[in-house]
Amino acid sequence: MVAALAACGGSGSGSIGSNPLGSIGSLGISGGGARANDSATRQAARVRGTESVAVNRYLWAASLDVLSFLPIESVDPFTGVIVFGYGTPPGGGRAYRATVHISDPALDARALNVALQTRSGPVATETQLAVEDAILARARQLRIADGRL
């Protein structure tokens, strides 16, 4: 799965639109707005039996916050994948879609992988890095606000 997400990044012809997990593990939350984001955030904090969610909750919430203009197609907090559909940022004219993969419970840049795409193909590496930086900055703000530093 990581290779599939990495192939969708910066350059290449991979498609972000398809759920890399297929129907397995997808919670199928669709739509957008605050209600879908709240539901997705609650799913990130959920524990299923004896297995706990192994993603960083600040990265998870920051991803939903920064990319809130995109509709959520599916989330899977157990593998750390959020798939967003096409949406246009406020004040922008180009539609984007994204797949976010949070691979580690640490609040670390290596734990975050964002793949962005426009209708005409993958975005420039600089755009992808800017979105990742915005998510990391927001995650740090959330952690500071939580008072756990």
Sidechain-backbone polar pair: Q128 side chain, V114 backbone, donor-acceptor under 3.5 Å: yes
Shortest non-hydrogen separation from A139 to A62 and the atoms involved: N-CB, 3.4 Å
Student check: side-chain heavy atoms of L59 and V100 closer than 4.5 Å: no
Rounded distance [0.5 Å steps], CG in D133 versus CG in L112: 9.5 Å
Side chain to side chain, I72 and L64, heavy atoms closer than 4.5 Å: yes
Euclidean distance, D65 CG relative to L142 CG, rounded to 0.5 Å: 6.5 Å
Shared hydrophobic cluster for L129 and I135 (ILVMFWY, side-chain gaps under 4.5 Å): no
Contacts of R119 that satisfy side-chain hydrogen bond (donor to acceptor under 3.5 Å, both in side chains) - sequence neighbours left out: none
Distance (rounded to the nearest 0.5 Å) between R140 CZ and L107 CG: 6.5 Å
Inter-residue atom distance I144.CD1 - Q141.CD, 0.5 Å rounding: 7.5 Å
Nearest heavy atoms of G80 and V55, plus distance in Å: CA-CG1, 3.4 Å
From CA spacing to verdict: side chain to side chain contact (heavy atoms under 4.5 Å, CB included), D146, R57: CA-CA 11 Å; D146 203 19; R57 70 181 180 137; 2.5 Å; yes
With T88 via side-chain hydrogen bond (donor to acceptor under 3.5 Å, both in side chains) - residues at least two apart: none
CG on N113 to CG on D104, rounded to 0.5 Å: 13.0 Å
For L70 against A98, the heavy-atom pair lying closest together: CD1-CB, 3.9 Å
Spacing of F84 atom CZ and L116 atom CG [to the nearest 0.5 Å]: 10.0 Å
Y96 side chain near L67 side chain, heavy-atom distance below 4.5 Å: no
Partners passing salt bridge (Lys or Arg N to Asp or Glu O under 4.0 Å) against R110 (at least two apart in sequence or in another chain): D108
Transitive ILVMFWY side-chain link Y86 to F69, under 4.5 Å: no
Over all atoms of both residues, closest heavy-atom pair of I102 and S63: CD1-OG, 4.2 Å
